[in-house]
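Accompanying notes for the structure given below.
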Amino acid sequence: MIKNVQLKPFDIKNSCELPTYVYGNGVEKYTLFATVPGNYKITLAKLTIGTLVSKETVLSHAMFESYTDHGEKMSAAKIRISGCEREFMAVKNVMLKVGIEVESIAPCHFCELLNALGAYYQAGNPEIIEYAVMSQRCH
């Protein structure tokens, strides 16, 4: 599912936050963790997604933060999209903005994209014992 990962460098000068009004409507947060030798947990990616209605248009906002397979912050981006399959398209496009290419696939829940990223990292780094996606709904 993941075609290639070429993470773009993180620029600390460009803050990457979703607009505060998106948080007012509730957001969902997802974190992709990996377990490495010594039972240490590292963060591989974080995804925050929220939906907002603006002038009768439903918009999905997504923020994606990617980390190296050593847990160092590598890249961050945000995007907003309207239309069909907007949540899936927002996540797929924001991942592309940070340098993660996804194969041409039918729309799916974005947890599947995060799990595919975990599998991609695990295939390239034998120190990753396992990976998991944790989710949280924030109101």
Side-chain angles (χ1 to χ4, degrees):
M1 189 179 288
I2 302 295
K3 189 177 190 178
N4 190 23
V5 176
Q6 295 277 323
L7 297 176
K8 297 176 181 169
F10 177 66
D11 182 3
I12 199 161
K13 294 177 193 170
N14 294 329
S15 174
C16 189
E17 294 291 328
L18 291 181
T20 54
Y21 53 81
V22 174
Y23 287 94
N25 292 311
V27 296
E28 293 180 50
K29 295 183 178 191
Y30 298 86
T31 305
L32 173 62
F33 290 103
T35 304
V36 296
N39 205 28
Y40 292 106
K41 306 276 188 226
I42 59 171
T43 300
L44 298 176
K46 290 182 181 179
L47 169 67
T48 305
I49 189 159
T51 301
L52 178 70
V53 178
S54 175
K55 295 183 182 179
E56 298 182 19
T57 301
V58 180
L59 298 168
S60 286
H61 292 255
M63 179 176 65
F64 188 86
E65 299 168 283
S66 62
Y67 297 80
T68 67
D69 53 359
H70 296 288
E72 300 163 340
K73 191 168 191 175
M74 186 64 180
S75 194
K78 64 182 176 180
I79 198 167
R80 72 176 180 205
I81 290 183
S82 65
C84 294
E85 305 297 342
R86 67 187 171 278
E87 284 185 338
F88 170 76
M89 293 305 295
V91 172
K92 185 177 172 186
N93 287 337
V94 80
M95 288 175 75
L96 184 59
K97 277 180 91 169
V98 298
I100 300 169
E101 289 182 68
V102 178
E103 297 282 350
S104 218
I105 58 170
C108 59
H109 192 274
F110 28 87
C111 280
E112 290 183 43
L113 294 174
L114 291 176
N115 276 311
L117 181 60
Y120 183 92
Y121 278 127
Q122 188 178 43
N125 186 341
E127 290 186 349
I128 294 177
I129 299 165
E130 64 183 359
Y131 57 89
V133 176
M134 305 277 288
S135 65
Q136 176 183 15
R137 175 110 174 117
C138 303
H139 299 282

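Keep in mind that the numbers below use all heavy atoms, side chains included, and drop hydrogens, waters and symmetry copies. We count residues from 1, following the sequence as given.
Distance check, rounded to the nearest 0.5 Å: CD1 of Ile49 to CZ of Arg80 gives 14.5 Å. For the atom pair Thr48 OG1 and Glu65 CD, the distance stands at 6.5 Å (nearest 0.5 Å). Note that the OG atom of Ser60 and the CD atom of Glu87 stand 4.5 Å from one another [nearest 0.5 Å]. With rounding to the nearest 0.5 Å, the separation of CG in Leu113 from OH in Tyr120 is 15.0 Å. Atoms CD1 and CE, from Ile79 and Met63 in turn, are 13.5 Å apart once rounded to the nearest 0.5 Å.
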Checklist entry - Can you list the steps and then say if Leu32 with Tyr131 is a side-chain contact (heavy atoms from CB on, under 4.5 Å)? => result CA-CA 7 Å; Leu32 173 62; Tyr131 57 89; 4.2 Å; yes
Checklist entry - How far apart are the C-alpha atoms of Leu59 and Arg86, what are their side-chain angles, what is the distance that settles it, and do they pass the side-chain contact (heavy atoms from CB on, under 4.5 Å) test? => result CA-CA 7 Å; Leu59 298 168; Arg86 67 187 171 278; over 6 Å; no
Checklist entry - Would Leu117 and Val5 satisfy side-chain contact (heavy atoms from CB on, under 4.5 Å), going step by step from the backbone distance to the final call? => result CA-CA 9 Å; Leu117 181 60; Val5 176; 4.0 Å; yes
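Formation of a donor-acceptor pair under 3.5 Å by the Gln122 side chain with backbone atoms of Ile129 is found in this model. Under the 3.5 Å distance criterion, the side-chain polar atoms of Lys46 are left unmatched by any main-chain donor or acceptor of Lys29. For the pair Glu130 (side chain) and Thr35 (backbone), a donor-acceptor distance under 3.5 Å is absent. No donor-acceptor pair under 3.5 Å is formed between the side chain of Asn125 and the backbone N or O of Tyr121.
In terms of heavy-atom proximity, Cys111 sits nearest to Val133 at SG-CG1, 4.0 Å.
Checked against side-chain hydrogen bond (donor to acceptor under 3.5 Å, both in side chains), Ser82 has no partners two or more places apart in sequence or in another chain.
Annotation for Lys3: atom NZ does not count as buried by contact number, only 12 or fewer foreign heavy atoms lying within 6.0 Å.
A chain of hydrophobic side-chain contacts below 4.5 Å, direct or via other Ile, Leu, Val, Met, Phe, Trp or Tyr residues, connects Tyr40 to Ile128. Hydrophobic clustering (ILVMFWY, side-chain heavy atoms < 4.5 Å, transitive): Leu96 and Leu44 are in distinct clusters.
Side-chain atoms of Leu114 and Phe64, non-hydrogen and from C-beta on, do get closer than 4.5 Å to each other. By the 4.5 Å heavy-atom criterion applied to side chains, Thr43 and Lys41 are not counted as neighbours. Side-chain contact between Thr31 and Gln136: absent, with no pair of heavy atoms (C-beta onward) separated by less than 4.5 Å.
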Show the atom names and distances, to 0.1 Å, of all donor-acceptor pairs under 3.5 Å that link a side chain in residues 98-108 to residues at least two apart or in another chain.
none

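Side-chain heavy-atom separations under 4.5 angstrom define the hydrophobic clusters, and the remaining members of the one that includes Phe33 are Met134.
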